[in-house]
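Beneath this line is the structure, given in structure tokens, with notes to follow.
This one's a predicted model, so the numbers in the text were calculated from it and none came from an experiment. Residues take their numbers from the sequence shown, with the count starting at 1. The basis for the numbers below is simple: all heavy atoms, side chains too, and nothing from hydrogens, waters or symmetry mates.
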Amino acid sequence: MPPTPGERRPVVVSGGGIGGLSTALALSRIGQETVVLESMPEFKEVGAGIQLGPNVFKMFDRLGILAAIESVAVFPDSLEIRDAVSGEAVMQIPLGEKFLVRYRHPYAVIYRPDLLDALLRACKSSPLIDLRTGKKVIDFEDRGSLVDVKTADGAVVQGSALVGADGLWSRIRQRIVGDGEPRRAGHIAYRAVLPIEKAPARAREHRVTLWAGPKIHLVHYPLRRGELLNLVAVFHSDRYEEGWDVFGEPAELHEKFKAARPEVRELLGLIETWRMWVLCDREPIKVWSRGLVTLLGDAAHPTLQYMAQGAAMAIEDAVVLAQKLQAMDGDFARAAVAYQEERYLRTARVQLTSRFVGDYVYHPRGAAAEVRNDMLRRLSPESMAWLYDGI
Ligand SMILES: Cc1cc2nc3c(=O)[nH]c(=O)nc-3n(C[C@H](O)[C@H](O)[C@H](O)COP(=O)(O)OP(=O)(O)OC[C@H]3O[C@@H](n4cnc5c(N)ncnc54)[C@H](O)[C@@H]3O)c2cc1C
């Protein structure tokens, strides 16, 4: 039953990452109060870059943070894929005027802390959003008309509903879906950011470059108005079971990339300290809401990063959830089902396409790499319309 006026409680959001803060912001714009419970002592993102397709710019516009994003993002001239061994340019998508006219929004890259900061500042300026840190959600009880959300410090926060935006290792998901640990892809990412003046001239250009090789790839692009250079090196390895934001071993990276072009190895050589991620996703599902509880972002549909769309999907989720809640006059249980029904095909497609792109576009060798080169040469920007046209 929807709450009657006077007994409306805030929606509790577990997790204050990109998905959680976007949810609070989207709900505030329909007049819905939220309490965001973040387990860490502060709202913080890893010091790395993120790519933003035109579909997510449409959401920034809805959330009222377009200008804040535009002031710190870099708008690259093109997306380029090069063969990491031969150096051949196998794909180039210009991101200039034609792209902008076609998709009505730009393609950009941004430093993650800058994106989180834009969301956080907008949340702080809303009287409808209560932000709490050091609040680890450990369990919940859906009591039919309200939800008791339990935190590790023994407190109980009562809400009209609960949104689990608690990421890949979501606790809320284990109660709703119960599908255990995420799937390890067998791919490892090393990430680093350095001042742009330390990079060779060609890497300073405003372009997203991806060097694709057998079971390896390197992506680099400038960040923060062009002041920083972002590097992400990925290779296949089953050596690691766990590892998230821990230090990587440069020697292992250099060994994996030993067949790559000197330009690639030169960039890797600029970094002494890498952060390492064991990359994971999950099988797509179509049901992630139960009663007054739903999931959002990586908690609902974690994806490998190869389409550069995980955060974009979380932000789209937030906007759709708010739309449904408004359309259903605050009846969260019905809105959560409608939200999940609208989102599962699109997010599942991103999850599955990301796996395909990782294996057959970024990491193939031999004939498979030649097929890739041939396919990419014929690729038109229109082939991304399903994604970049947005919701
Ligand atoms: C190498 C790499 C590159 C990527 N590149 C891109 C890209 O270019 N473009 C893109 O769109 N996406 C990209 N992604 C994906 C993107 O980072 C994620 O999809 C996005 O961060 C998901 O946001 P989220 O808020 O759902 O989850 P998270 O970012 O994981 O946030 C979850 C939050 O919940 C908190 N939390 C966890 N458990 C609890 C709890 N029990 N109680 C309270 N709080 C809790 C965490 O501390 C965290 O703040 C990339 C990912 C990786 C690994």
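Tyr103 pairs by the ring pair (Phe, Tyr, Trp, His ring centres under 6.0 Å) definition with Phe99, Tyr388, not counting sequence neighbours. In this structure, the ring pair (Phe, Tyr, Trp, His ring centres under 6.0 Å) partners of Tyr306, at least two apart in sequence or on a different chain, are His187, His217, Tyr362, His363.
Linking Ile, Leu, Val, Met, Phe, Trp and Tyr residues whenever their side-chain heavy atoms come within less than 4.5 Å places Val163 and Ile30 in a single cluster. Residues Ile196 and Leu231 are members of one and the same hydrophobic cluster, defined by side-chain heavy-atom contacts under 4.5 angstrom among Ile, Leu, Val, Met, Phe, Trp and Tyr.
Between Arg102 and Glu382 there is a salt bridge, since at least one side-chain N of the basic residue sits less than 4.0 Å from a carboxylate O of the acidic one. Salt bridge Arg224/Asp114: present, at least one basic N to carboxylate O contact under 4.0 Å. Salt-bridge formation is detected for the pair Arg202/Glu266: a Lys NZ or Arg NE/NH1/NH2 atom is positioned less than 4.0 Å from an Asp or Glu carboxylate oxygen. Under the 4.0 Å criterion applied to side-chain N and carboxylate O atoms, Arg82 and Glu80 are assigned as salt-bridge partners. Ion pair Arg355/Glu283 flagged as a salt bridge, since at least one NZ, NE, NH1 or NH2 atom sits closer than 4.0 Å to an Asp/Glu carboxylate oxygen. Under a 4.0 Å N-O distance rule, the pair Glu38/Lys135 does not qualify as a salt bridge.
A cation-pi arrangement, defined by a distance under 6.0 Å to the six-membered ring centre and an angle within 45 degrees of its axis, is present between Arg191 and Trp277.
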Next item on the list: For Ile138 and Arg171, run side-chain contact (heavy atoms from CB on, under 4.5 Å): C-alpha distance rounded to whole Å, both residues' side-chain angles, the deciding distance at 0.1 Å, then the answer.
Entry: CA-CA 7 Å; Ile138 53 168; Arg171 279 188 175 237; 3.7 Å; yes

Item checked: Pair Phe60-Leu115, side-chain contact (heavy atoms from CB on, under 4.5 Å): steps then yes or no -> CA-CA 10 Å; Phe60 292 148; Leu115 170 56; 3.9 Å; yes

Note to self: Using the rule given for side-chain contact (heavy atoms from CB on, under 4.5 Å), can you reason through Met384 versus Met307, listing the C-alpha separation, both sets of side-chain angles and the distance that settles it, and then say yes or no?
What the structure shows: CA-CA 10 Å; Met384 297 303 288; Met307 294 292 286; 3.9 Å; yes

Checklist line | Working for side-chain contact (heavy atoms from CB on, under 4.5 Å), residues Ile110 and Val72 | finding: CA-CA 7 Å; Ile110 194 168; Val72 280; 3.9 Å; yes

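Shown here is Phe75, whose CZ atom has more than 12 heavy atoms of other residues, nucleotides or ligands within 6.0 Å. The number of heavy atoms from other shown groups lying within 6.0 Å of NZ (Lys150) is above 12. Few gaps surround CZ on Arg225; more than 12 heavy atoms of other groups in view lie less than 6.0 Å from it. Heavy atoms of other residues, nucleotides or ligands lying less than 6.0 angstrom from CZ of Arg377 number more than 12.
Across every non-hydrogen atom of Thr303 and Val350, the tightest pair is OG1-O, 3.7 Å. Annotation for Gly144 and Leu292: closest pair O-CD1, 3.4 Å, computed over non-hydrogen atoms.
Side-chain N/O atoms of Glu42 and Thr133 include no donor and acceptor closer than 3.5 Å. Counting only N and O atoms by type, the side chains of Trp288 and His301 include no donor and acceptor under 3.5 Å apart. Side chains of Asp148 and Gln158: a donor-acceptor N/O pair is present below 3.5 angstrom, by distance only.
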